[in-house]
There are 2 protein chains.
Amino acid sequence: MAATIRDIAKEAGVSVATVSRLINKSGYVGARTAARVQDAIERLGFRSNAIGRSLSTAKTRTFGVIVPALSNPVFAEAVSGVTACARKAGYHVMITATNYDSAEELATVGTFMEQRVDAMILTVANAGKSPALDLLDTAALPYVLIYNEPPCTGRPAVTIDNAAAGAKVAEVLQDLGHRRMAMISGRFAESDRASARRDGFLAGAHSAGLAMPSVREVDFIALNVDAVLKDLFDDPPTAPTALFCSNDLLAISVIGALDRMGLPVPQNVSVIGFDGIAIGTHLHPTLATVIQPSREMGEVAAQHLLHRLAGEKATPPCRLPFTLRLGESAGPAGNARPADLQDPANPREGDSHYDR
Amino acid sequence: MAATIRDIAKEAGVSVATVSRLINKSGYVGARTAARVQDAIERLGFRSNAIGRSLSTAKTRTFGVIVPALSNPVFAEAVSGVTACARKAGYHVMITATNYDSAEELATVGTFMEQRVDAMILTVANAGKSPALDLLDTAALPYVLIYNEPPCTGRPAVTIDNAAAGAKVAEVLQDLGHRRMAMISGRFAESDRASARRDGFLAGAHSAGLAMPSVREVDFIALNVDAVLKDLFDDPPTAPTALFCSNDLLAISVIGALDRMGLPVPQNVSVIGFDGIAIGTHLHPTLATVIQPSREMGEVAAQHLLHRLAGEKATPPCRLPFTLRLGESAGPAGNARPADLQDPANPREGDSHYDR
DNA sequence: GCGCCGTATGTAACCGGTTACATGCCGTGC
DNA sequence: GCACGGCATGTAACCGGTTACATACGGCGC
């Protein structure tokens, strides 16, 4: 149906090699010939077939991207970064969501291998123990993790220091006067980064001399936080005054649920999320959170792969800086007015900077 | 590098045809032979090359998906539906975001054509006037629009009746006692559906005998709603008591901004959004909105294309039902308590049903 | 006049699958 | 004994590009 390079060659009275050279600007083509071929291409509406090209070059100029879910804006944002960066370099992107299912991770990697993607960018449940990554390693296919905690195995990753961020959250809450904290998280089994955030948070609380925060897991998809919150705030005197949520969507749900329980944020409870999704800044109260440079992570991952595919032997930047945004959902403990403890003009500075 | 079908044939002492027949379960293969071949496949870690297959079959089993942005959960949701449905049928998905840019739409369609995707699912700025769709039409490539207003040209689309939904919003707000309304929308030039919602909204207000609502455009990306709101609520006596926002992200921003301006929602102003993104139900107040069946739209679109590619000549279902969710962000006019005018036990029923 | 280089173009093999067609075997029915 | 159909397998052309290699021409230096 569609015109092929041979049709063009015949139409222009030249050989296929000449047409190919013109399309790819490789080799010599005379000016008059080029014009004739170009004319034939337009007359027949020719579009070179990427399949044919891929078969002979053994390159697809395609990245495979695997994320747990597209419905979480944090991943959508990273994917946007990957896509934009890839597109600029003439690469395309195939995307699949695994729904946090490790079996789907493996299946998708297999599918992408059959599709002969040139490289993959992915977030898996657990980067330290992943059949999908094992497969990639044995196949020696270039890949970069994003969001995942880079495991000791030295797998290439572009991410942030989740544990440090967790510790930072504990420190900031302590600075705000909070003494009883808790963490609410999605399933740790599905997220090595949530585990790292928890570990950092607990360590931070411990080194601040605070009681061990209670940690609760919820089903992140169902987002039924009510039961967990009822339980946590059952006994007011011992209830936490600050909650650390393992991601922003969860934090937003928690804030809504607390409001409905008659525990307004931040007057009665402070809430800090994780991710820095855009919508957080438009809410009232604005969401206090740890901002991951999601878009940049996608871009850096794609850029690294482009370099690798170009033959360079660059190691990927492993850790990107995170930013703590002290939004309105986190306030001083004890119903004090925010101004009492917190001076907006002089946000505290740590090893990561604040952003208001 | 990787094993080919010929390597397997040699290893198993059979011909390539036999290997191919086994892989595709087409034609006859003896049990003993099958076992030998299977064994060779596993020993060499063979994965059949989808590129080679695509070249000879002229099918890629791939859909191209083009949406304005992945960062809007409404599109991410539809993409999830497409992906899930495609995957079940052994199809893959290439996704690109156009950033609401019609030139990028055209470029992406061109790229996907070169990639020889079997069909496309897309949302364009304006389905009635789109070079990208013109290209698809002349190439006779199967495609389905989602979200777009199906234009008079009869382009296949899976969508909702945006005008009817807009009218419904006007009607509901009128029922709640609102007499002065306004609409805030992203750029109409970038969204035929926003235009349809506006038209329906204005028509609905008109037929209810209300004053013509003021309509304001904002830059949806920048989301700088403050200036628009300041202007709208400059003169309290004539200020609107209800706002219709062309999408949920915008509505959420508007609610936050109104709160900050000392105009709490829904006590002082009611806000109704559009899309039905998941997060809306977790906010406080919960977001009143028109729910589009986004995931289902993606699924139906994919399903339709699968049927078409299978040779069936089915016409796509054009309109899916929408649902109005009367969330807490919409309340009765005049600072009355919600219970006064609204009985949660008996939500009003219209041609679309309510969902609380 | 000769050799050489840069430009310009063509021929044909190759990438890794699919598949039409040919071949051969065995069992069954007559 | 033979024809025929079902099963099993192999051969080779083909899909649409790329590219190594061959060919050819014109100009330049000597």
Side-chain angles (χ1 to χ4, degrees), chain A residues 1-38 40-41 44-62 90 92 111-118 139, chain B residues 1-38 40-41 44-62 90 92 111-118 139:
Chain A
M1 187 63 233
T4 75
I5 202 176
R6 277 165 243 261
D7 298 330
I8 302 301
K10 189 172 297 180
E11 178 83 6
V14 299
S15 75
V16 293
T18 301
V19 179
S20 177
R21 276 187 288 256
L22 179 71
I23 300 175
N24 303 304
K25 302 188 201 316
S26 63
Y28 298 107
V29 179
R32 301 179 56 84
T33 313
R36 269 211 325 284
V37 173
Q38 195 61 51
I41 287 177
L44 301 192
F46 168 77
R47 280 172 186 278
S48 80
N49 185 325
I51 304 297
R53 170 172 304 126
S54 292
L55 185 57
S56 77
T57 59
K59 283 168 177 20
T60 53
R61 298 187 76 80
T62 299
H92 313 109
T111 308
F112 279 169
M113 284 176 63
E114 293 189 355
Q115 298 290 318
R116 297 298 192 268
V117 299
D118 292 343
Chain B
M1 188 60 236
T4 75
I5 202 175
R6 279 164 241 264
D7 297 331
I8 302 301
K10 189 172 296 177
E11 178 82 6
V14 299
S15 74
V16 292
T18 300
V19 178
S20 177
R21 276 188 287 257
L22 179 72
I23 300 175
N24 303 304
K25 302 190 202 313
S26 63
Y28 299 106
V29 179
R32 301 180 56 84
T33 314
R36 269 212 325 283
V37 173
Q38 195 60 52
I41 287 177
L44 301 192
F46 168 77
R47 280 172 186 278
S48 80
N49 184 324
I51 304 297
R53 170 172 304 129
S54 292
L55 185 57
S56 77
T57 60
K59 282 166 179 17
T60 52
R61 297 188 76 81
T62 299
H92 314 108
T111 309
F112 279 170
M113 284 176 63
E114 292 188 357
Q115 298 291 317
R116 296 300 193 267
V117 299
D118 291 342

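As the structure is a prediction and not an experimental result, all values here were calculated from the model. Lettering follows sequence order; numbering is per chain, from 1.
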| field | Phosphate OP1/OP2 of C:dG10: any A:T18 side-chain N/O under 4.0 Å | value | yes
Please work out if B:S20 contacts a base, only the sugar-phosphate, or nothing of the nucleic acid, heavy-atom cut-off 4.0 Å. base
Query raised in the report: On a plain distance test, is the side chain of A:R21 in donor-acceptor contact with the base of C:dG10 below 3.5 Å?
Result: yes
The residue, A:N49 or B:V16, whose nearest nucleotide of DNA chain D is more 5′ is B:V16
Here the distance between atom C1' of C:dT11 and atom CD1 of A:I5, to the nearest Å, is 14 Å
Tightest non-hydrogen contact, residues A:T60 and A:R116, listed as OG1-O, 2.8 Å
A:R32 atom CZ is separated from C:dT9 atom P, nearest whole Å, by 11 Å
When rounded to whole Å, the CD1 to P distance for the pair A:I51 and D:dT18 reads 13 Å
Would you say B:V29 and B:V37 make side-chain contact, with heavy atoms under 4.5 Å?
no
Would you say A:S56 places a side-chain N or O within less than 4.0 Å of OP1 or OP2 belonging to D:dT18? no
From NZ of B:K59 across to C1' of C:dG16 the rounded distance in Å is 18 Å
Testing D:dG10, D:dA8, C:dG6 for proximity to the side chain of B:Y28, the answer is D:dA8
Side-chain touch B:I51/B:S54, heavy atoms, less than 4.5 angstrom | no
Taking D:dG6, D:dT18, C:dT19 as options, the one with an atom nearest any side-chain atom of B:T57 is C:dT19
In whole angstroms, the gap separating C1' of C:dG17 from CG of B:N24 amounts to 9 Å
With A:S26 as partner, the option from A:L22, A:I23, A:N24 fulfilling side-chain contact (heavy atoms from CB on, under 4.5 Å) is A:N24
A:L44 and A:I8 have their tightest heavy-atom pair at CD1-CD1, 3.9 Å
Does any donor-acceptor pair link the side chain of A:R6 with the base of D:dG16 at a separation under 3.5 Å?
-> yes
Separation of C:dT9 atom C1' from A:L22 atom CG, nearest Å, is 13 Å
A:A17 has its side chain closest, among D:dT11, D:dG16, C:dT11, to C:dT11
Rounded to whole Å, CZ of A:R53 lies from P of D:dT19 at a distance of 9 Å
Give A:A58 one of three labels, base, sugar-phosphate or nothing, depending on what nucleic acid heavy atoms sit under 4.0 Å from its own.
nothing
The nucleotide from D:dG17, C:dG10, D:dC15 with an atom nearest the side chain of A:T4 is D:dG17
Rounded to whole Å, CZ of A:R47 lies from P of D:dG16 at a distance of 16 Å
Taking D:dC15, D:dT11, C:dT9 as options, the one with an atom nearest any side-chain atom of B:L55 is D:dC15
